[in-house]
Amino acid sequence: MNSNSERNHDTYIYPGSFDPPTNGHLDIIARAARLCGRLIVAVGRNREKKTMFSVDERLDMLLGAVSGIGNGGNGGNGGSGDSGANSGNSGNIDVVGFSGLLVDFAGRCGASVIVKGLRAMSDFEYEFQMALLNKHMDDELETIFMMTNIQHTYLSSSAVKELALNGADVSGLVPANVYAKLKAKIDERNI
Ligand code: PNS
C-alpha cells in the first residue's frame, strides 16, 4: 500500500462500471474535476459481472464523452491503468481501466480520495458498505459522495440499457457518442 508521502492530495479517483456512461456520470466527472488537480476515471474490469460493453469500449466511450470538459490542471498521462489500450486523458481527467481491488489501484495511482455519486437513499446502503470496507483496507483513502444533479436522480446505466434494448429513445440520457455506440451495439445484436 502507498505510504501517505506517496499520495497526492490533489488526485481523486472516480470508479465505476460505466456500462455505458450516462449523463449522470458525466455530470459527476465534470464537477469532481473542478475540485481536484487530477481526476482519474477508473473503469472496473469485473469478471463476475456480465457487461454489454467491453472495458475497451467503455474507455473509448468515456474518452469521447469527457473530451473538452477537463480543465488545464495537472492532468496525468492516461497511462496508469491496468488494462485497455484505450486509456487517455482530457485536461486534468484521466480515463483508465483497472482490475483487482479499488484500494490497491488507487494506491498505485497515488490517489487520496474516492469520489462516488449518490442518487437516492437506495444507493446509500451499498455505497456506505463499500466506503467502510475500502476505509478498512486503506485508512488513508477517503471516500467523498457527490449528490447527483436533480435531473439525473432516476438515471442509471441499467435503466438506459433496458430502455434502449426495448426501442425507447435514450438520446437525452447519454452523451451523443455513447448514444451512437449503444445504437450500433443493439443493431449489431439484432442482425
Ligand atoms: O458503477 P458500479 O458498478 O457501482 O462500480 C463498481 C466498482 C467498479 C466501483 C466496484 O465494483 C469496485 O470497486 N470494484 C473493484 C473491487 C473492489 O475493490 N471492491 C470493493 C471491496 S469489496
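We're numbering straight along the sequence, starting at 1. As the structure lists them, so they are numbered: ligands from 1, and atoms in each ligand from 1.
- With sequence neighbours left out, the side chain to side chain donor-acceptor pair (under 3.5 Å) criterion links Glu127 to Lys116.
- Electrostatic pairing of Asp104 and Arg108 does not count as a salt bridge here, judged by no charged N lying under 4.0 Å from a carboxylate O.
- In this view, Asp169 and Ser171 satisfy the side chain to side chain donor-acceptor pair (under 3.5 Å) rule, not counting sequence neighbours.
- Sorted by first then second residue, the ring-ring contact (aromatic ring centres under 6.0 Å, His included) pairs that include residues 107-127, not counting sequence neighbours, are Phe124-Phe128.
- Side-chain polar atoms of Lys135 and Thr143 form no donor-acceptor pair below 3.5 angstrom.
- The contact shell of ligand 1, taken as protein residues with any non-hydrogen atom closer than 4.0 angstrom, comprises Pro15, Gly16, Ser17, Lys49, Phe98, Gly100, Leu101, Leu102, Met130, Asn134, Met137.
- Using a cutoff of 4.0 Å between basic side-chain nitrogens and carboxylate oxygens, Asp94 and Arg38 are scored as salt-bridged.
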